[in-house]
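In what follows, residues are counted from 1 in the order of the sequence shown. Side-chain atoms are counted along with the backbone in the values below, which use heavy atoms only and exclude waters and symmetry mates. Both counts, for ligands and for their atoms, begin at 1 and track the order of listing.
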Amino acid sequence: MNRPEHPISATETGRPRSFTSNRGLCLEEGLIFEIGRPNVTGVDIDEPAPFETRLGALEREEPIGLPGLSEPEAMRHYVRLSQKNYSIDAGIYPLGSCTMKHNPRLNEAMARLPGFGDIHPLQPESTVAGALELISELSRWLMEMTGMPAVAMSPKAGAHGEACGMMAIKAAIAARGEAATRRIVLVPESAHGTNPASAALVGFATRTVPCGADGRVDLAALKGLLGPDVAAIMLTNPNTCGLLESDIVAIAEAMHEAGAYFYCDGANFNAIVGKTRPGDLGVDAMHINLHKTFSTPHGGGGPGAGPVVLSARLAPFAPVPFVQEGENGLRLVEHVEADSRSFGRMAAFHGQMGMFVRALSYMMSHGADGLRQASEDAVLSANYIRASLSDLMTQPFGDQPCMHEVLFDDAWLKPTGLSTLDFAKAMIDEGYHPMTIYFPLVAHGAMLIEPTESESKASLDLFIATLRDLAFSALDGELDRFVGAPHDAPRRRLDETRAARNPVLKWTAPAQEG
Ligand SMILES: *Cc1c(COP(=O)(O)O)cnc(C)c1O
């Protein structure tokens, strides 16, 4: 018998071919438009009885081409898609700066209570007294923990909170009659990209403050930049190198002496909750990422919330809406009232109710001692990783204690010819989501690891052992583990820049053959 010819000849390099593109039990899944057929449906509906349309000439005449699936096909499609999401519920998610910690299920149960989960932002105020009380209680916790007299709850994310704080600062400067002269915002080299973006959005120009050899703001250089044209500094503490800005009080004093404000990016508040209060350090405004510090799902997993605490100097300029104690209990102040100096409104509704419920649930279930311990454990975990890797991997500012995240650079990789990207991609083949890479920009080939307090010691030990194994491999010249990695993921290396710059968001039917 003549053997028929194998119809497929393509082979991939470096690994056995897969006929289905499935790998192990990691299943390939097409777009719903590719697998769906317009004439298929998961339900059996009778043909409608003849009726007269009232749409006039607006009636659609062509089928709209929605993809149809049977129920089992729909089930598999969405289950397979859900399995493509990496999540904190699946494993350690060591993204520095992002604080991917466990989201306690208690918070989820609280957020789904019908009195919180089912309310509508346009409901009459008299029917949402409990929600207003929750917002007020959460505000009280936030002011207590930060040592600040006021908080604006409406910003919807960290970056939105930055814009809110900068708008309050702009309004305060305008009220002093200095709007035309104070136009500069100072931003340290290590800042998150959202800081200069927020300052620019609000209409300020930015100047970069260099950092010293210890990875902290160079105080002398900062003082050299101060003058009557400076509106504020936007500084993260602990900073994005995972280091505590130890000159913080001197920085605050220098800013205030120069007539400028101190905006603190509070995204890293999770390292210092219960240890120190930004209000005591001279901060004028600081956003808190509820979705980082006080858990709540984020990234692909849900929305965020970025309340901004304000000093007495900035409190009068806070945006509406806000909750206020009135004659008959709490009321929601929706409009800028006649005698108010509020800068106005920056969001349609009050805030992210679901996030508020989750954050307060997290705070109350931890208690003051538990919140402090979470900060301590987050810092301990990061230092455990630092101490366990510092004999192999280099740190840009030397081996010194860190806060809640540890920053390595690529100096140690130099002799191997491999890059930070190669190292990070090889982690995927080991079943680990990579750490944050190439941020902050002050470190060459940065690798920023934030384990958070919610990983067990066993989990940290396996993570450390894996990174050590990879590091030895790299230094021993076992380059195939790295070049072209990931080898075992459903896709090889993607052109991430092109994907971000030219996203293909619309499916086009392939041209019919014949
Ligand atoms: C996450 C983060 C932000 C931005 O917060 P979003 O909620 O993502 O808008 C700003 N600064 C720092 C340092 C951050 O880590």
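When atom types are taken as modelled, the side chain of Arg386 and the backbone of Leu389 share no donor-acceptor pair closer than 3.5 angstrom.
Only side-chain heavy atoms of His291 come within less than 4.0 Å of ligand 1; its backbone N, CA, C and O stay farther off. Under 4.0 angstrom from ligand 1, the non-hydrogen atoms of Lys292 all belong to its side chain.
When only non-hydrogen protein atoms are considered, atom 9 (O) of ligand 1 lies nearest to Ala159 N, 2.8 Å. Scanning the protein heavy atoms around atom 5 (O) of ligand 1, the nearest turns out to be Asn289 ND2, 3.0 Å. For atom 13 (C) of ligand 1, the nearest protein heavy atom (residue, atom name, distance) is Asp265 OD2, 3.4 Å. Nearest non-hydrogen protein atom to atom 6 (P) of ligand 1 is Gly158 N, 3.4 Å.
Between Ser97 and ligand 1, an N or O atom pair is found at a separation short of 3.5 Å.
Open room surrounds CZ on Arg207; 12 or fewer heavy atoms of other groups in view lie less than 6.0 Å from it.
Atom numbering of ligand 1 starts at 1 in the shown order; those under 4.0 Å from a heavy atom of Ala267 are 2 (C), 11 (N), 12 (C), 13 (C), 14 (C), 15 (O). Of all atoms in ligand 1, numbered sequentially from 1 with element shown, those under 4.0 Å from a heavy atom of Thr194 are 10 (C), 11 (N). Counting the atoms of ligand 1 from 1 in the order shown, those under 4.0 Å from a heavy atom of Glu162 are 10 (C), 11 (N).
Using a 4.5 Å cut-off on side-chain heavy atoms (C-beta onward), Ser419 and Asp410 make no contact.
Scanning for salt bridge (charged side-chain N to carboxylate O under 4.0 Å, His left out) contacts around Asp377 gives an empty result, with sequence neighbours left out.
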Residues 148-157, side-chain donor-acceptor partners within the protein, below 3.5 Å, at least two apart:
residue : atom : partner : partner atom : Å
Lys156  : NZ   : Ser154  : O            : 3.3
Lys156  : NZ   : Phe349  : O            : 3.3

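One finds a salt bridge joining Glu108 and Arg112 here, because a Lys/Arg side-chain nitrogen approaches an Asp/Glu carboxylate oxygen to under 4.0 Å.
Ring geometry, Tyr86 versus His433: the interplanar angle falls from 30° to 60°, so the pair is classed tilted.
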